[in-house]
Amino acid sequence: MWQEMIESFSIRWKVYVNVYIRNERVFKVCFSNGPVNEFIQSKVSKILKKDMEKYFEGKKVDFVRYDVILNKSNFVKSVLNYVRKIPYGNVVTYGFIAKILNTSPRAVGRALSLNPVPIVIPCHRVVSSNGLGGFSQGVWIKRELLKLELNLN
DNA sequence: GACGACTTGTTAT
DNA sequence: ATAACAAGTCGTC
């Protein structure tokens, strides 16, 4: 009973945004931010849309201010929360994160593949030591995102 | 350097 | 229980 109340409260509300690359719908981003309130909701989705547009124009956008609810295991949460802090334009390896969190690179990749909100949690900034690594929506998207952030053609 | 086998922590079934 | 992975390391050639 108590647990049920906590859960229904923590679901709050969600904002969905479709992300397009080359006129192709690539994935859906889901956000949440604060308690149920339609006024705030519409306002936040507008801000989010603006942020996304800015991001795809190649401008630096800080998504840390969005509060993402993660319905995941503690391990996945800790990986995702670490990845959130990687600044725009920076790149780290799976092994690097594994060392910090005292786990294995493979486990890090596994956790990253469960990322519900690409871009907002910038999992594309995590690469393998010898190459790009993977990306659940396709590695070419990861390449595009990094090109965008690193200002390569 | 390129390739392969072995290690690895976590999730999914 | 065990298979499946968005990886890394060390060995051989």
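Keep in mind that the numbers below use all heavy atoms, side chains included, and drop hydrogens, waters and symmetry copies. Naming: A, B, ... by sequence-line order, numbering from 1 per chain. All values reported here derive from a predicted model rather than from experimental measurement.
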To the nearest Å, give me how far apart [atom1] ([X]) and [atom2] ([N]) are.
X: L80(A); N: dA6(C); atom1: CG; atom2: C1'; value: 13 Å
X: N130(A); N: dA2(B); atom1: CG; atom2: P; value: 10 Å
X: Y94(A); N: dT9(C); atom1: OH; atom2: C1'; value: 18 Å

Between the protein and nucleotides 11-13 of chain C, list every N/O to N/O distance that falls short of 3.5 Å.
none

Donor-acceptor contact below 3.5 Å, side chain [X] vs main chain [Y]:
X: R143(A); Y: L132(A); value: no
X: R125(A); Y: I86(A); value: yes
X: N115(A); Y: I121(A); value: yes

Is there a side-chain contact between [X] and [Y] (heavy atoms, below 4.5 Å)?
X: T103(A); Y: F75(A); result: yes
X: D62(A); Y: Y88(A); result: no
X: V61(A); Y: I119(A); result: no
X: N90(A); Y: E149(A); result: no
X: L148(A); Y: E57(A); result: no

- Calculate, to the nearest 0.5 Å, the distance between atoms CG and SG belonging to L80(A) and C123(A) respectively. 8.0 Å
- Message: Nearest 0.5 angstrom please: E144(A) CD to I141(A) CD1, how far?
- Response: 9.0 Å
- Using Watson-Crick or G-U wobble pairs with both distances under 3.5 Å, give me DNA chain C in dot-bracket, 5' to 3', with [ ] for crossers and | for pairs to another strand. |||||.|||||||
- Query: For G109(A) and K99(A), take the nucleotide of DNA chain C holding the closest heavy atom to each; which residue's nucleotide lies nearer the 5' end?
  - Reply: G109(A)
- Assign the ring pair Y55(A) / H124(A) to parallel, tilted or perpendicular, where the plane angle (0 to 90°) is split at 30° and 60°. perpendicular
Give every pair of a protein N or O atom and an N or O atom of nucleotides 8-12 of chain B that lie under 3.5 Å apart, one pair per line with the distance.
from: dG9(B); atom 1: O4'; to: S104(A); atom 2: OG; distance (Å): 3.0
from: dG9(B); atom 1: O3'; to: T103(A); atom 2: OG1; distance (Å): 3.1
from: dT11(B); atom 1: OP1; to: S73(A); atom 2: OG; distance (Å): 2.1

- Query: Looking for any heavy atom pair under 4.0 Å, which part of the strands does S128(A) touch: base, sugar-phosphate only, or nothing?
  - Reply: sugar-phosphate
- Any S129(A) side-chain N or O less than 4.0 Å from OP1/OP2 of dG8(C): yes
